[in-house]
Amino acid sequence: MPFQSPRGTEDVLPQDSHRWIKLENDFRALTRLYGYRELRTPTFEDYDLFVRTSGETSDIVSKEMYEFTDKGDRHMALKPEGTAPSVRAVLEHNLCPQGTVARLSYITPIFRYGRPQKGRLREAHQVGLELMGSSSSLADAEVIEITAEFYRRVGIPSIQVRINSIGRQECRARFRTVVLDKFASYIADQEPEERAKSEKNPLRLLDTKDPVAHEIVASMPPILDYLEDDSKARFEALQSHLSEANVPFEVAPDIVRGLDYYTETVFEVQSSRLGAQSSLCGGGRYDNLVKDLGGPSTPSVGVAMGIERALIVLEEIGQSGEPVRPDAYVITATEDASAQVRNLARQLRAADISALFDLENRKMANQLKQADKVGAKIAVLIGRDELDRGAVVVRNLGTGEQAEVPLADAIAAVRSRL
């Protein structure tokens, strides 16, 4: 085989694409109910956009980003996440003027270089939300409520919504001192580059997968103990809103998220069906991000939900869905009927009924075999006798039942059997 898909990427084959289409359609239908409008951003952006937003010490920027210099000598990167490009577009096109609220959704590929594993590809896909312009805890609750409802709609049961607050600047400054003190010996044993990153942003240590670091984290007081009074009140209000919306949740002080731009609310939705990589999605509030990119102060909250991860869970629980099948296969029982077969197929399609017919002028038995192979529900046969009588034979390919009906009633006859 001369070529294969690049390592860490996957082809979505025709027998699987219906699963993606359903999930994306469910997402679009749900977000429409809440007034979200879809935003589409380029696959690649200026490299510095992600340095400014994710932070140069983040694993995304320092280890995982696909970066390149284009023919104009510009430093570019394939987007590793969807929020920064969305914020860039909002600023560029003034989508959230001061005093307004913008509700935006997206469906996008993202690119991160890492060791490929189940649910973690180098090219992955996300659906996401950005609610910009509101500092209310109701905005946080809305994004979390939609996220939980999305997983319910697509058929994923028993999710765990885990929430935390990482406060604002004063809270994190105090907690930063605690982390540096607890991790002093751990940081000292790191390589110089990693040590510098940890000292610059010690909160990243709370998001590590290193079991030694996990033990240290377990011995620390939670960041919730250091919250500013207004952040503490805000977090309590968020919990009240989620309870009002019947969204089950748990407070999880270990959640901090790995990107530098988060403030206050952070959350994850997890499923035990994903094994060690249990997180279905994550999100949170990023009140300083727009300002950091040169715009006005714009409080915002968002979430990114991995499509592949949701599909893995659905497959694990046997909810893969039915593949798309053509409604009708129009069969030429005599060569004289070829033009009528093609015309009837066009009429069926015009009536929003999917229809196929044989392109190779094969015998009727072979056409019926092909109809079975593609999973057609109904066969419509036209032969010499049917031409003479101005009729067609409509056959249910599941039951074998069939009836002759006038040609003028063919569309209604097919529709009634679907």
Review point. What residues form a salt bridge (charged side-chain N to carboxylate O under 4.0 Å, His left out) with Glu322, not counting sequence neighbours?
Key: none
Exercise for review: Check Ile317 against Pro157 and note the closest heavy-atom contact, atom names and distance.
Suggested key: CD1-CD, 3.5 Å
Check your understanding: Is there a donor-acceptor pair closer than 3.5 Å between any side-chain N or O of Arg176 and the backbone N or O of Glu199?
Key -> yes
**Study point:** Any side-chain heavy-atom pair of Thr31 and Arg103 under 4.5 Å
**Key:** no
Exercise for review: Measure the shortest side-chain to side-chain distance between Ser198 and Gln190 over non-hydrogen atoms and say whether it is less than 4.5 angstrom.
Suggested key: yes
**Study point:** Between CG on residue Asp358 and NZ on residue Lys363, distance to nearest 0.5 Å
**Key:** 13.0 Å
Check your understanding: Thinking salt bridges, do Arg52 and Asp48 make one under a 4.0 Å N-O criterion?
Key -> no
Exercise for review: For residues Ile60 and Ser54, report the shortest heavy-atom separation together with the two atoms involved.
Suggested key: CG2-OG, 4.4 Å
Exercise for review: Decide if atom CZ of Arg37 counts as having more than 12 heavy atoms of other residues, nucleotides or ligands within a radius under 6.0 Å.
Suggested key: no
Point to revise | Stepwise side-chain contact (heavy atoms from CB on, under 4.5 Å) test for Glu360 and Gln370 | key: CA-CA 11 Å; Glu360 308 298 333; Gln370 185 64 19; over 6 Å; no
Exercise for review: Please report the shortest heavy-atom distance between Thr147 and Cys281, naming the atom on each side.
Suggested key: CG2-SG, 3.6 Å
Check your understanding: Quick one: does Lys79's side chain have a donor or acceptor within less than 3.5 Å of a partner on Pro42's backbone?
Key -> yes
Review point. Can you find a side-chain donor-acceptor pair between Gln402 and Arg395 that sits under 3.5 Å?
Key: yes
Exercise for review: Determine, step by step, whether His241 and Asp140 satisfy the side-chain contact (heavy atoms from CB on, under 4.5 Å) criterion, reporting the C-alpha distance in whole Å, the side-chain angles of both residues, the deciding distance to 0.1 Å, and the verdict.
Suggested key: CA-CA 9 Å; His241 298 324; Asp140 306 43; over 6 Å; no
Review point. Can you find a heavy atom in the side chain of Ile187 that is under 4.5 Å from one in the side chain of Leu205?
Key: yes
Check your understanding: Counting heavy atoms not belonging to Tyr113, are there more than 12 under 6.0 Å from its OH?
Key -> no
Exercise for review: Please name all residues satisfying salt bridge (charged side-chain N to carboxylate O under 4.0 Å, His left out) with Arg417, sequence neighbours left out, ordered by chain then number.
Suggested key: none
Review point. Are Tyr36 and Glu142 linked by a side-chain donor-acceptor pair shorter than 3.5 Å?
Key: yes
Exercise for review: Test Phe68 against Phe44 for side-chain contact (heavy atoms from CB on, under 4.5 Å), laying out the working first.
Suggested key: CA-CA 10 Å; Phe68 61 96; Phe44 59 93; 4.3 Å; yes
Study note, to complete from the structure: When every non-hydrogen atom of Ala371 is compared with those of Val374, the smallest separation belongs to O-CG2, 3.4 Å
Point to revise | Side chain to side chain, Ile163 and Gln239, heavy atoms closer than 4.5 Å | key: yes
Practice item. Indicate yes or no: at least one non-hydrogen side-chain atom of Phe50 is less than 4.5 angstrom from one of Glu67. Key: no
Point to revise | Residues, nucleotides or ligands: over 12 heavy atoms within 6.0 Å of Arg32 CZ | key: no
Check your understanding: Is there a donor-acceptor pair under 3.5 Å between the side chain of Ser300 and the backbone N or O of Thr298?
Key -> yes
Check your understanding: Are Tyr226 and Val178 close enough that some pair of their side-chain heavy atoms sits under 4.5 Å apart?
Key -> yes
Practice item. Please assess Val380 against Val414 for the test side-chain contact (heavy atoms from CB on, under 4.5 Å), listing each intermediate value before the final yes or no. Key: CA-CA 8 Å; Val380 183; Val414 170; 3.7 Å; yes
Review point. Do Glu130 and Tyr286 have side-chain N/O donor and acceptor atoms under 3.5 Å apart?
Key: yes
Point to revise | Non-neighbouring partners of Glu335 that pass salt bridge (charged side-chain N to carboxylate O under 4.0 Å, His left out), sequence neighbours left out | key: none
Practice item. Would you check if Leu227 and Ser165 make a side-chain contact, meaning some heavy-atom pair closer than 4.5 Å? Key: yes
Check your understanding: What is the distance from atom CD of Gln340 to atom CG of Leu344, rounded to the nearest 0.5 Å?
Key -> 6.5 Å
Point to revise | Spatial distance of atom CD (Glu316) from atom CG (Leu314) [nearest 0.5 Å] | key: 10.5 Å
Review point. Roughly how far, to the nearest 0.5 Å, is CD1 of Ile159 from CD of Glu268?
Key: 12.5 Å
Point to revise | Heavy atoms from other residues, nucleotides or ligands near CD of Glu401 exceed 12 (cutoff 6.0 Å) | key: no
Review point. Are Val301 and Thr265 close enough that some pair of their side-chain heavy atoms sits under 4.5 Å apart?
Key: no
Review point. Got more than 12 heavy atoms from elsewhere within 6.0 Å of CG, Asp70?
Key: yes
Practice item. Report the distance from atom CZ of Phe111 to atom OG1 of Thr9, rounding to the nearest 0.5 Å. Key: 9.5 Å
Review point. Quick one: CZ on Arg28 to CD1 on Ile107, what's the gap to the nearest 0.5 Å?
Key: 3.5 Å
**Study point:** Shortest non-hydrogen contact between Thr41 and Ala89, atoms and distance
**Key:** CG2-CB, 4.2 Å
Practice item. Measure across Ser354 and Asp327 and return the closest heavy-atom pair with its distance rounded to 0.1 Å. Key: OG-N, 2.7 Å
Check your understanding: Just wondering, are more than 12 heavy atoms of other shown residues or ligands nearer than 6.0 Å to CD in Gln98?
Key -> yes
Exercise for review: Flag the pair Asp230 and Arg168 as a salt bridge only when some basic side-chain nitrogen lies within less than 4.0 angstrom of an acidic carboxylate oxygen.
Suggested key: no
Exercise for review: Before accepting this row, confirm whether a basic side-chain N of the pair Glu149/Arg153 lies closer than 4.0 Å to the acidic partner's carboxylate O.
Suggested key: yes
